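These numbers were taken from a predicted model, which means no experiment stands behind them.
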Amino acid sequence: MQKEAYLQIAKEAALAAGKYLLSESVKAINIEQDKDIKLFADKNSEKIILDCLKSQYDIPVLTEESGELGTIGEGLYWIVDPIDGTYNYLKGLDLCCVSIALWEGTTPILGVIYEFKNDKLYTGIVGKGAWCNHERISTSQIDALGKASLATGFPVYRDYSDQSLVQFTESVKCFKKIRMFGTAATSITYVAAGKVDAYMEEDIMLWDVAAGVALVLAAGGAVVLEQGNKKWTRKTMCFANDRLKENYLNEILGNR
């Protein structure tokens with residue numbers, strides 16, 4: 001597998017979509033339902049990405065806007081989120097990005113996340129390394145929960161019942177600091193870059209986390225993925241290192 005070639009086309013697609021999103025001045029809402037919001041810019045960004053990817057490789061794609069394009073199975077497939085942090089983008093906040101991953105079955109291969117407002121292009125190949133623009137990045141060495149920071153959020157499909165929210169509070173109060181950035185892809189990328197030490201969300205869509213998961217693994221971190229309550233949702237946990245992961249799992253399992 002020519003991973004570098006796949007990474008290059010993913011980078012080109014992300015940069016092209018980011019350029020469009022920077023130039024888009026009218027952020028018209030396409031769909032607004034319950035806690036979810038979609039812009040016409042989501043669809044336009046997706047088209048730019050798909051045109052770029054398909055110009056080089058005939059590989060199935062799982063994408064937020066169009067769903068499954070081709071047969072998603074044990075082989076290679078792209079996973080695309082044309083804007084992660086759509087609400088941030090709509091409100092003029094800088095924390096939003098383009099997210100593109102390549103997976104093989106359930107195995108992350110590479111990830112590209114472009115913070116287009118900050119012109120930061122995060123790239124990584126699992127087993128080779130991760131970079132921000134041209135500088136190598138790595139996860140932090142913090143392994144004590146009481147010293148670790150956590151990025152989290154409340155995705156559209158999570159359970160908002162009282163019991164679920166109480167369980168959530170119990171599961172995160174062991175961390176030193178908690179941050180919510182409004183974009184899962186950016187949050188996980190910050191784990192890869194050592195800016196935060198852990199990330200977790202329940203029932204988050206796979207396209208929100210796929211590229212970030214690849215980046216964390218490429219940067220030396222650890223990941224736990226579990227099936228969510230819908231086909232493409234996942235309970236996702238990312239940690240700066242295996243020690244932090246084990247400390248967290250032991251803490252939570254030990255309190256049950």
Side-chain angles (χ1 to χ4, degrees), residues 31-39 42 46 61-68 72 77-90 95-101 103 105-108 111 113 149-175 178-192 196-217 221-239 244-245 248-249 251-253 255-256:
I31 300 172
E32 188 168 8
Q33 184 176 11
D34 296 328
K35 295 182 182 298
D36 202 10
I37 186 169
K38 302 290 185 185
L39 306 179
D42 286 283
E46 179 188 76
V61 183
L62 173 65
T63 179
E64 180 177 15
E65 301 305 312
S66 300
E68 300 176 48
I72 307 297
Y77 60 103
W78 298 107
I79 307 177
V80 172
D81 190 345
I83 310 175
D84 192 57
T86 299
Y87 191 75
N88 286 357
Y89 177 70
L90 174 66
L95 289 176
C96 46
C97 63
V98 176
S99 176
I100 302 173
W103 283 35
T106 58
T107 303
I113 290 179
S149 57
L150 170 75
T152 188
F154 293 95
V156 172
Y157 295 111
R158 94 170 314 278
D159 179 2
Y160 282 89
S161 68
D162 290 345
Q163 180 182 1
S164 175
L165 294 176
V166 168
Q167 290 175 344
F168 169 79
T169 302
E170 289 297 315
S171 69
V172 303
K173 69 181 184 181
C174 54
F175 290 93
I178 298 175
R179 295 291 181 261
M180 294 187 181
F181 300 116
T183 153
T186 297
S187 297
I188 303 178
T189 299
Y190 287 175
V191 178
V196 295
D197 309 303
Y199 159 87
M200 63 182 65
E201 286 194 60
E202 294 184 8
D203 288 311
I204 186 77
M205 301 306 297
L206 182 58
W207 45 74
D208 292 320
V209 301
V213 163
L215 288 176
V216 167
L217 293 173
V223 172
V224 177
L225 279 178
E226 299 175 359
Q227 180 63 47
N229 61 14
K230 295 182 179 295
K231 180 178 181 180
W232 294 117
T233 61
R234 299 290 186 270
K235 179 178 180 179
T236 306
M237 295 181 283
C238 298
F239 301 91
L244 185 62
K245 180 188 79 170
Y248 176 77
L249 294 178
E251 169 93 8
I252 297 306
L253 292 176
N255 289 334
R256 288 179 179 176

Trainee: What heavy-atom pair brings Ala211 and Ile113 nearest, and what distance separates the two atoms?
Mentor: CB-CG1, 3.8 Å
Trainee: Can you sort out the partners of Thr106 under side-chain contact (heavy atoms from CB on, under 4.5 Å), two or more places apart, ordered by chain and number?
Mentor: none
Trainee: For the residue pair Val209 and Tyr199, what are the closest heavy atoms and their distance?
Mentor: CG1-OH, 3.8 Å
Trainee: What's the spacing between Tyr157 OH and Asp203 CG if we round to 0.5 Å?
Mentor: 10.5 Å
Trainee: Who are the side chain to side chain donor-acceptor pair (under 3.5 Å) partners of Lys230, not counting sequence neighbours?
Mentor: none
Trainee: Which heavy atom of Ile79 sits nearest to which heavy atom of Trp207, and what is that distance?
Mentor: CG2-CA, 3.5 Å
Trainee: Assess, by modelled atom type and distance only, whether the side chains of Glu46 and Thr63 contain a donor and an acceptor separated by less than 3.5 Å.
Mentor: yes
Trainee: Step by step, would you call Leu90 with Leu39 a side chain to side chain contact (heavy atoms under 4.5 Å, CB included)?
Mentor: CA-CA 8 Å; Leu90 174 66; Leu39 306 179; 4.1 Å; yes
Trainee: Can you name the ring-ring contact (aromatic ring centres under 6.0 Å, His included) partners of Phe154, sequence neighbours left out?
Mentor: Phe168
Trainee: Considering all heavy atoms of both residues, which atom of Thr86 and which atom of Ile37 are nearest to each other, and what is their separation?
Mentor: CG2-O, 4.0 Å
Trainee: Look up atom CE in Met205 and atom CG in Asp84, then write down how far apart they are to the nearest 0.5 Å.
Mentor: 12.0 Å
Trainee: Verify, without hydrogens or angle tests, whether Asn229 (side chain) and Arg158 (backbone) share a donor-acceptor contact under 3.5 angstrom.
Mentor: no
Trainee: Taking only residues two or more places apart in sequence or in another chain, which ones pass ring-ring contact (aromatic ring centres under 6.0 Å, His included) with Phe175?
Mentor: Tyr248
Trainee: Taking the side chain as every heavy atom from C-beta outward, state whether Thr169 and Ser171 have any pair of such atoms under 4.5 Å apart.
Mentor: no
Trainee: Considering residues at least two apart in sequence or located in another chain, which fulfil the side chain to side chain donor-acceptor pair (under 3.5 Å) criterion with Tyr89?
Mentor: none
Trainee: Between Thr183 (side chain only) and Thr186 (backbone N and O only), is there a donor and an acceptor less than 3.5 Å apart?
Mentor: yes
Trainee: Mind checking what makes side-chain contact (heavy atoms from CB on, under 4.5 Å) contact with Thr107, not counting sequence neighbours?
Mentor: Ile109
Trainee: Hey, could you give me the CG/OG distance between Leu215 and Ser99, rounded to the nearest 0.5 Å?
Mentor: 8.0 Å
Trainee: Using the side chain to side chain donor-acceptor pair (under 3.5 Å) criterion, which residues pair with Asp81? Sequence neighbours excluded.
Mentor: none
Trainee: Rounded to the nearest 0.5 Å, what separates atom CG in Leu225 from atom CG in Leu206?
Mentor: 7.5 Å
Trainee: Listed by chain and number, what are the salt bridge (charged side-chain N to carboxylate O under 4.0 Å, His left out) partners of Arg234, not counting sequence neighbours?
Mentor: none
Trainee: For Tyr77, give me all partners under ring-ring contact (aromatic ring centres under 6.0 Å, His included), at least two apart in sequence or on another chain.
Mentor: none
Trainee: Sub-3.5 Å donor-acceptor pair from the side chain of Ser164 to the main-chain atoms of Tyr160, do we have one?
Mentor: no
Trainee: Which residues pass the side-chain contact (heavy atoms from CB on, under 4.5 Å) test with Ser149, not counting sequence neighbours?
Mentor: Lys177, Val196, Asp197
Trainee: Quick one: CD on Glu201 to CG on Asp208, what's the gap to the nearest 0.5 Å?
Mentor: 8.0 Å
Trainee: Which distance, rounded to the nearest 0.5 Å, do you find between the NZ of Lys173 and the CG of Leu150?
Mentor: 14.5 Å
Trainee: Report the residues that fulfil side chain to side chain donor-acceptor pair (under 3.5 Å) with Glu68, sequence neighbours left out, ordered by chain and then residue number.
Mentor: Lys231, Trp232
Trainee: Would a distance-only check, ignoring hydrogens and angles, find a side-chain to backbone donor-acceptor pair under 3.5 Å from Asn88 to Leu95?
Mentor: yes
Trainee: Do Thr152 and Ile178 have side chains that approach each other closer than 4.5 Å (heavy atoms only, starting at C-beta)?
Mentor: yes
Trainee: Over all heavy atoms of both residues, which pair between Ser187 and Phe181 is shortest? Give the atoms and the distance, please.
Mentor: OG-CD1, 3.4 Å
Trainee: Can you check whether Asp159 reaches Glu202 side chain to side chain, under 4.5 Å on heavy atoms?
Mentor: no
Trainee: Check salt bridge (charged side-chain N to carboxylate O under 4.0 Å, His left out) between Glu64 and all other residues, then give those that pass, not counting sequence neighbours.
Mentor: Lys38
